[in-house]
Amino acid sequence: MNFSNEIKIAPSILAADFANFGAECVAIEAQGCDWVHIDVMDGHFVPNITFGPETCVALRPHIKGIMDVHLMISPVDKYIESFASSGADIITAHVEADPHIHRTLQAIRASGAKAGVALNPATGIEEIEFLLDMVDLICVMTVNPGFGGQKFIKSQINKIVKISKMIGDRPIHIQVDGGVTVETAPLVSAAGADVLVAGSAVFKGGSVDNPNIYGSNIRALRNAAELALVK
Ligand code: DX5
Ligand code: ZN
């Protein structure tokens with residue numbers, strides 16, 4: 001997985017048809033997405049429950065590109081190995097999930113996956129100041145984690161700008177997760193984000209039988225994000 005800071009669109013399958021994940025992954029990749037974002041929720045760290053490592057195992061053969069696994073679970077450390085062996089390319093853990101995020105990130109890298117750290121909207125950037133040599137991705141949550149379809153929290157734009165300055169020229173992705181639409185995509189790309197997670201904005205209006213809509217949604221997000229960079 002080579003580093004590039006070009007805009008990447010990562011549909012969250014949280015907004016896909018839960019009875020048809022394999023075909024949904026094939027459809028979004030065929031329609032031009034860059035990464036596939038998988039939201040793992042435990043009903044404890046967040047108020048919702050989705051799926052676990054076995055689902056990732058089942059999905060892996062249906063995803064040709066990057067499988068980006070976002071763990072909204074606590075505790076997290078004891079599950080890292082099973083998500084890594086499911087074939088996750090990137091595993092992201094929340095800084096708020098356990099007392100020892102440094103150890104968690106060490107474990108993710110030791111598993112062979114790229115390591116991501118996620119920050120809830122209320123979490124400050126000082127939490128990651130001493131972790132920059134241990135992460136491949138910083139996920140800025142622009143909604144409170146747990147559900148798709150929530151409203152984008154604008155105060156997080158300034159956080160993205162600050163993180164972008166803090167990482168300088170290090171090869172670290174800045175991912176934005178929650179409420180990304182054609183309206184908010186330009187704001188986050190101009191602030192320095194390169195990976196845009198989008199659930200509702202990719203899957204709305206489409207289906208595996210009508211996947212072209214996914215393609216036009218993905219292109220609209222990418223165009224909106226890229227346009228903000230050429231201004
Ligand atoms: C929220 C999840 C997000 C969510 C994004 O807890 O981490 O990935 O699915 O969904 P939208 O794009 O609908 O806000
Ligand atoms: Zn997510």
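Atoms within a ligand are numbered from 1 in the order they appear, just like the ligands themselves.
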Interatomic spacing from [atom1] in [X] to [atom2] in [Y] - rounded to 0.5 Å:
X: His44; Y: Ser74; atom1: NE2; atom2: OG; answer: 4.5 Å
X: Ile172; Y: Asp194; atom1: CD1; atom2: CG; answer: 11.0 Å
X: Ile7; Y: Leu227; atom1: CD1; atom2: CG; answer: 11.0 Å

Atoms of type N, O or S from protein under 2.8 Å of the Zn ion (ligand 2), total 4
I need the nearest protein heavy-atom contact for [atom]: residue, atom name and distance, please.
atom: atom 12 (O) of ligand 1; result: Gly199 N, 2.7 Å
atom: atom 6 (O) of ligand 1; result: Gly146 N, 2.8 Å
atom: atom 14 (O) of ligand 1; result: Gly179 N, 2.8 Å

Mark up the atoms of ligand 1 that fall under 4.0 Å of a heavy atom belonging to [X], in ascending order.
X: Asp177; answer: 2 (C), 3 (C), 4 (C), 5 (C), 7 (O), 8 (O)
X: Gly178; answer: 14 (O)
X: His37; answer: 8 (O)
X: Gly148; answer: 10 (O), 13 (O)
X: Ser200; answer: 11 (P), 12 (O), 13 (O)
X: Ser12; answer: 8 (O), 9 (O)
X: Met72; answer: 6 (O), 7 (O)
X: Val197; answer: 8 (O)

Tell me if the OH atom of Tyr79 is crowded by more than 12 foreign heavy atoms within 6.0 Å.
no
Can you tell me if CZ on Arg103 sees more than 12 non-hydrogen neighbours from other groups inside 6.0 Å?
-> no
Anything under 30° is parallel, anything over 60° is perpendicular, the rest tilted; go ahead and classify His94 against His70.
parallel
Next on the checklist: Once you measure the plane-to-plane angle for Phe51 and Phe21, does it fall in the parallel (<30°), tilted (30-60°) or perpendicular (>60°) bin?
Outcome noted: perpendicular
If every non-hydrogen atom of [X] is compared with every non-hydrogen atom of [Y], which pair is closest and at what distance?
X: Gly116; Y: Ile108; result: O-CD1, 4.5 Å
X: Val208; Y: Pro211; result: O-CD, 3.5 Å
X: Ala198; Y: Val180; result: CB-O, 4.1 Å
X: Met67; Y: Ser86; result: CE-OG, 3.7 Å

Exercise. Does Asp89 pair with Arg60 as a salt bridge, N-O distance under 4.0 Å?
Worked result: yes
Under 4.0 Å, counting heavy atoms only: does [X] come that close to any atom of ligand 1?
X: Phe147; answer: yes
X: Ala15; answer: no
X: Ala201; answer: no

Side chain to side chain contact (heavy atoms under 4.5 Å, CB included) with Leu196: of Ile9, Thr184, Val202, Asp177, only one passes, and it is Ile9
Short version for Pro145: what comes under 4.0 Å of ligand 1, heavy atoms counted, is both
Does the N or O separation between Gly149 and ligand 1 drop below 3.5 Å for any pair? yes
Next on the checklist: Please report whether the ring centroid of Phe3 lies less than 6.0 Å from that of His173.
Outcome noted: yes
